[in-house]
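Read through the structure below, which is laid out as structure tokens, and then see the notes.
Letters A, B, ... are given to chains in the order of the sequence lines, protein chains preceding strands, and every chain is numbered from 1.
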There are 2 protein chains.
Amino acid sequence: MLPIEEAAIILKLMGDKTRLTMLKLLEGDSCCVCEFVELFGMSQPAISQHLRKLKDVGLVKEDKRQQWVFYYLNEKHELYPLIKCVLSTLPSQHEKLLQLTKDGKRIECCSIKGENSQDDKGTNVRD
Amino acid sequence: MLPIEEAAIILKLMGDKTRLTMLKLLEGDSCCVCEFVELFGMSQPAISQHLRKLKDVGLVKEDKRQQWVFYYLNEKHELYPLIKCVLSTLPSQHEKLLQLTKDGKRIECCSIKGENSQDDKGTNVRD
DNA sequence: TTAGTATATAATCATTCGCTTATATAATCA
DNA sequence: TGATTATATAAGCGAATGATTATATACTAA
């Protein structure tokens with residue numbers, strides 16, 4: 001496919017306020033599905049379907065930890081320079097995550113990079 | 001509207017290969033409707049409708065000269081930095097214009113910046 | 001004035017999109 | 001084990017999208 005056509009596909013996917021906000025959030029940290037459900041106030045299937053689209057074109061990758069699925073930006077994507085430059089023009093969405101933490105809704109999952117803290121499961125919090 | 005929502009609208013509009021190519025072409029030069037019709041091999045109404053959408057959000061502006069309407073990038077657009085950074089990651093489409101010139105299909109219109117050469121109308125060529 | 005060229009708009013239509021509800025799968029917890 | 005929690009998928013539906021054809025408008029040329 002022509003590079004400009006590939007770029008158009010990526011831009012169309014980013015041209016949705018929910019997905020664009022998701023990507024901006026993922027610029028700073030990984031998030032799991034239930035955090036997005038909480039943040040956007042949308043149904044869980046709606047969130048899953050947005051993430052599926054982002055995953056299908058390789059914009060995000062997933063990391064299954066315990067009962068959660070964490071999504072993160074795929075910095076190896078062929079068009080990552082395009083993605084990065086778009087995200088860099090957007091205002092930070094980090095305060096949304098801070099609020100989630102304050103509300104005790106942030107998921108803490110300790111198996112990051114293979115580690116596992118057996119005595120820290122459940123509704124734990126990060127940030 | 002939130003900045004991220006405005007950005008999503010712009011990105012959605014850029015997320016179409018025809019419009020994205022139009023914008024990349026306009027990065028270097030202004031073009032008129034019939035040139036786009038020739039370049040994309042699409043119907044004239046289809047081209048007009050794409051340009052209308054770009055104009056409605058202020059991404060392009062128009063400049064009527066004689067019987068033609070030339071479109072050009074609106075560098076004053078609030079989100080021009082976003083637009084510019086996206087376009088900068090795309091491959092040049094200039095050879096399309098060169099080919100158009102070779103085919104004698106490029107429109108030469110001399111009323112640029114108020115000038116008017118009365119003895120140079122019709123199917124003239126630029127480039 | 002009339003014919004031709006350039007452009008815009010309206011109506012239509014098939015496709016895509018984004019959501020919903022219902023349901024399936026997998027992991028955890030009691 | 002059975003209940004709960006997290007996630008994914010399928011079906012359905014209304015709205016948006018991108019093209020087409022038909023038509024209207026405006027400028028140019030003879």
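Separating the CD atom of A/Q67 from the P atom of C/dA27 is a distance of 10 Å, rounded to the nearest angstrom. Atom CD in A/E35 sits about 17 Å away from atom P in D/dT5, given to the nearest Å. The CD1-P distance, from A/I47 to C/dG18, rounds to 13 Å in whole Å. Rounded to whole Å, atom C1' of C/dA6 lies 15 Å from atom CG of B/D63. For the pair A/R65 CZ and C/dT28 P, the interatomic distance rounds to 14 Å; values are reported in whole Å. In this structure, A/F70 places its CZ atom 16 Å from P of C/dA27, rounding to the nearest Å. Look at CG on B/L54: it is 14 Å from C1' on D/dT17, rounded to the nearest Å. Going from atom CZ of B/R52 over to atom C1' of C/dA8 covers 8 Å, rounded to whole Å.
The pairing partner recorded for C/dC29 is D/dG2, the criterion being a Watson-Crick or G-U wobble arrangement whose two distances lie under 3.5 angstrom. Base pairing annotation: C/dT7 forms a Watson-Crick or G-U wobble pair with D/dA24, both donor-acceptor distances under 3.5 Å.
In this structure, A/H94 NE2 and A/D29 CG are separated by 7.5 Å, a value rounded to the nearest 0.5 Å.
Using a 4.0 Å heavy-atom distance criterion, B/F40 is classed as making no nucleic acid contact. Residue-level contact check: B/F36 touches neither bases nor backbone, having no heavy atom under 4.0 Å from any strand. If you check every strand for non-hydrogen atoms under 4.0 Å, A/K17 touches nothing.
Here D/dT20 is the nucleotide among C/dA27, C/dC19, D/dT20 with the atom lying nearest to any side-chain atom of B/A46. When each of C/dT7, D/dT7, C/dC19 is scored by its nearest atom to the side-chain atoms of A/S48, the top-ranked nucleotide is D/dT7. The side chain of A/V33 sits closest to D/dT7 out of C/dT20, C/dA6, D/dT7.
Considering only side-chain N and O atoms, A/H50 lies under 4.0 angstrom from the phosphate OP1 or OP2 of C/dC19. Look at A/Y71 and you'll find a side-chain N or O under 4.0 angstrom from OP1 or OP2 of D/dA8. Proximity of B/S43 to the phosphate of D/dT20: a side-chain N or O atom is located under 4.0 Å from OP1 or OP2.
Between the side chain of B/Q93 and the backbone N or O of B/P91 there is at least one donor-acceptor pair closer than 3.5 Å. Put simply, the side chain of A/K24 gets close to the backbone of A/L87: a donor and an acceptor are under 3.5 Å apart. Distance alone, capped at 3.5 Å, places no donor-acceptor pair between the B/S48 side chain and the B/P45 backbone.
Of the two residues near DNA chain C, A/G15 and A/Q44, the one whose nearest nucleotide lies more 5' is A/G15. Judged by closest nucleotide on DNA chain C, B/Q49 is the one of B/Q49 and A/K53 placed further toward the 5' end. The nearest heavy atom of DNA chain D to A/P45 and to A/K12 marks one nucleotide each, and the one closer to the 5' end goes with A/P45.
A salt bridge links A/R106 and A/E35; the closest N-O separation between the charged side-chain nitrogens and carboxylate oxygens is under 4.0 Å.
Checked against B/I83 for a side chain to side chain contact (heavy atoms under 4.5 Å, CB included), the options B/E27, B/H77, B/E78 give a single hit: B/H77.
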